[in-house]
2 protein chains.
Amino acid sequence: MSTVAEKAGVSTKTVSNVVNGTGSYSPETEQRVRAAIEELGYHINPFARGLRSRRTDTIALVLPNLYQPFYAEFAEQVIRSPETQGLKVVLESTRGDAGRERAVLSSHRELVDGVIYVPHALGPEQYLPLPFARPTVVLGERPAEAAQLGLDYVETADEQGAHAVVGHLLAQGRRRIAVIGERPGPWAGARRLRGYRTALAEAGVDYDESLVIGVDDADLWSSGVAGATRLLRTRVRFDALFCFHDVVAVGALSVLARSGIAVPDDVALAGFDDIEAARFASPPLTTVDLGRESIARTAVALLRSRMDREDSRELPGRRESTGFDLRVRASSTTTPAPTESGVTAR
Amino acid sequence: MSTVAEKAGVSTKTVSNVVNGTGSYSPETEQRVRAAIEELGYHINPFARGLRSRRTDTIALVLPNLYQPFYAEFAEQVIRSPETQGLKVVLESTRGDAGRERAVLSSHRELVDGVIYVPHALGPEQYLPLPFARPTVVLGERPAEAAQLGLDYVETADEQGAHAVVGHLLAQGRRRIAVIGERPGPWAGARRLRGYRTALAEAGVDYDESLVIGVDDADLWSSGVAGATRLLRTRVRFDALFCFHDVVAVGALSVLARSGIAVPDDVALAGFDDIEAARFASPPLTTVDLGRESIARTAVALLRSRMDREDSRELPGRRESTGFDLRVRASSTTTPAPTESGVTAR
DNA sequence: CTGAAAGCGCTTACAG
DNA sequence: CTGAAAGCGCTTACAG
């Protein structure tokens with residue numbers, strides 16, 4: 001930088017101003033500085049900058065697992081979001097393990113400017129007491145206590161999405177709608193179950209616990225196979241199956257096929273997440289798109305607005321909600337469905 | 001650090017030594033220093049360290065796209081590899097776009113210590129002239145020119161894997177083996193095609209160009225649907241279909257199902273990559289596992305050995321090869337297959 | 001085995 | 001609108 005300053009005949013202060021767009025300088029000065037930068041192939045040293053200004057221009061994305069396509073696709077959206085431009089994204093995978101999740105969250109010190117956190121193994125009562133050293137936005141339902149802690153939330157439309165997809169199944173005339181994916185606790189599964197129950201209640205259909213199958217969240221892919229197998233073994237009658245994740249639905253689909261159960265004729269099938277594999281299943285899967293792109297943009301935008309302020313610790317936690325799209329495909333429609341219909345809600 | 005030094009009654013040099021395990025110091029000194037660190041909750045400032053030592057303890061992983069499960073699962077393996085412990089992983093997605101790929105590769109300056117690069121849009125003649133400012137390991141076949149450039153390669157067993165899977169199809173009595181996934185150029189598809197041709201030649205089966213279908217690499221998922229549709233439209237007879245990617249096979253599977261073609265009875269189907277979706281397809285997909293874990297570990301190990309040396313620029317480029325596992329599943333075996341059989345090769 | 005001190009390349013009050 | 005200079009927190013020859 002001092003070489004640039006010398007060449008341009010100014011002080012390093014001025015070079016710094018030009019590079020960062022801070023302070024003020026005459027257009028001619030800027031010209032000279034930029035020319036010198038160009039000529040010398042100068043680029044700023046991020047360590048020196050970080051040492052002084054405590055900015056890293058890096059955010060951490062804390063996810064359970066990239067083997068789950070939903071998280072992988074979400075990560076991709078975070079990386080390509082326009083809001084992310086100029087930031088590096090460090091990916092940390094917790095493998096859905098409580099210990100690792102805690103360790104990863106506690107390790108963010110001056111290494112990143114902010115954190116996007118997708119909880120999996122830890123519930124609010126476990127992660128809220130953690131020392132969040134950096135601005136953090138959490139994906140999921142915001143517990144009341146979180147407001148004063150300065151954590152921002154992106155609340156996804158799990159309940160509304162589940163409500164819509166179950167409403168769709170009911171509209172197809174299905175009444176015995178089994179679900180696979182229940183998982184007690186404060187996670188998305190619980191919200192999806194709420195949507196399911198509300199939709200049933202509105203249609204005057206009784207909630208039947210024998211239709212509700214839990215999952216082992218450690219491996220959702222095989223949970224579909226395990227869950228559907230369990231469901232069939234109970235011999236409970238059902239004419240629709242709503243899986244709380246597409247990967248579960250894909251696994252369930254293979255079990256149904258092997259058991260000679262036709263989808264959608266015998267059983268209408270629906271998933272959740274709208275991952276790529278849902279579009280290309282046979283038959284293509286009816287599902288709910290939570291809007292990975294808009295979740296990603298919202299999360300990064302929340303983070304940026306907090307990263308840029310000195311007093312960010314004092315700011316109360318905010319809450320943003322995102323919408324969903326119901327994707328009706330052949331797995332749930334006996335009458336030939338339009339190739340792809342999107343019902344948007346907000 | 002000076003506070004720690006003062007408290008322990010030593011100089012900052014000694015504290016630095018203890019923290020980094022460099023130099024030498026008496027056990028008692030170490031005790032005192034560690035106690036002081038503990039008491040003060042001290043942790044090193046990575047910017048100050050980076051400013052001096054030019055180390056970032058960060059590597060970049062340059063991938064086409066996390067929407068491709070193979071890349072997502074590979075990224076997960078890189079992140080959790082034991083070799084990666086103590087390093088941060090910055091993920092960069094090029095979206096399979098040549099311009100972005102070039103831009104991303106040129107942007108790694110002092111921000112990372114090394115780069116793992118999975119080429120997609122750029123061939124060697126395009127990326128080799130790039131100024132690799134950091135130690136870089138490339139996934140794929142090493143061109144002769146790369147040796148002196150100091151680029152390390154992990155060569156994956158694409159050709160051998162394809163050879164094995166085609167050998168398996170031939171052993172099942174299939175003779176008209178169509179392939180989807182051909183893509184001219186120096187990419188994995190070409191190596192897989194070589195394996196296919198070799199296996200055919202060894203079995204005395206003629207290579208028939210009308211059985212070879214290319215893909216639009218921009219969206220492999222839908223390439224399966226497009227490719228299978230194209231294949232059926234040509235009315236060429238085939239009794240097996242080998243797709244160069246599982247995602248292509250999943251798409252093709254849906255087309256075959258819709259066309260009333262039974263898998264494996266009418267057509268034996270095989271994919272490549274062994275992603276999760278292959279295990280849970282109906283029927284489960286015969287495929288090749290290139291060993292994401294071992295590729296990841298090898299790549300990071302190569303990088304580390306280079307990152308740690310001053311003279312790494314002078315080191316000639318190295319080459320490591322990894323093995324594969326053939327996973328025979330129901331999609332290719334008319335006689336009931338064992339639930340999962342792994343044939344390992346190296 | 002350990003210390004005193006320079007310096008990495010920035011940013012930023014302070015001064016003009 | 002711009003300059004001179006301190007200082008961020010480390011590492012590392014150099015010296016003993």
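Below, read A as the first sequence line, B as the second, and so on, with proteins coming before strands; counting in each chain starts at 1.
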Inset, instruction - Would you give a per-nucleotide map of nucleotides 10-16 of chain C, 5' to 3', where B means the base has a protein non-hydrogen atom under 4.0 Å away, S means only the sugar-phosphate does, and - means neither? - result: BBBB---
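- In this structure, dA4(C) forms no base pair with any nucleotide, since neither Watson-Crick nor G-U wobble geometry is met with both distances under 3.5 Å.
- To the nearest 0.5 Å, atoms CG (Leu315(B)) and CG (Leu151(B)) are separated by 12.0 Å.
- Atom CG in Leu40(A) sits roughly 15 Å away from atom C1' in dG9(C) (whole-Å rounding).
- For dT2(C) and dA6(C), the P atoms lie 23 Å apart once the distance is rounded to whole Å.
- Contact between the side-chain N/O atoms of Thr14(A) and the OP1/OP2 oxygens of dC1(D) is not found at any separation under 4.0 Å.
- Remark: Ser26(B) is in phosphate contact with dT2(C), judged by side-chain N or O atoms under 4.0 Å from OP1 or OP2.
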Inset, instruction - Let me see the working for Arg34(A) and Glu30(A) under salt bridge (Lys or Arg N to Asp or Glu O under 4.0 Å), right down to the final yes or no. - result: CA-CA 6 Å; Arg34(A) 294 214 178 279; Glu30(A) 175 170 2; 2.9 Å; yes
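- Residue contacts shown for Ser24(A) include a base, since a base heavy atom lies under 4.0 Å away.
- A donor-acceptor contact closer than 3.5 angstrom links the side chains of Arg318(A) and Ser305(A).
- A 3.5 Å limit on both hydrogen-bonding distances identifies no Watson-Crick or G-U partner for dA13(C).
- In this structure, Tyr71(A) and His120(A) have perpendicular ring planes: the angle between them is above 60°, well past the 30° mark.
- dC1(D) and dA5(D) are spaced 24 Å apart, taking the P atom of each and rounding to whole Å.
- Both Ser11(B) and Leu51(B) sit near DNA chain C, but only Ser11(B) has its closest nucleotide nearer the 5' end.
- The side-chain contact (heavy atoms from CB on, under 4.5 Å) with Tyr117(A) is formed by just one residue from the set Thr94(A), Leu139(A), Leu122(A); it is Leu122(A).
- Taking atom C1' on both nucleotides, dT12(C) is separated from dG16(C) by 16 Å, rounded to a whole Å.
- Using a 4.5 Å cut-off on side-chain heavy atoms (C-beta onward), Lys88(A) and Ile59(A) make no contact.
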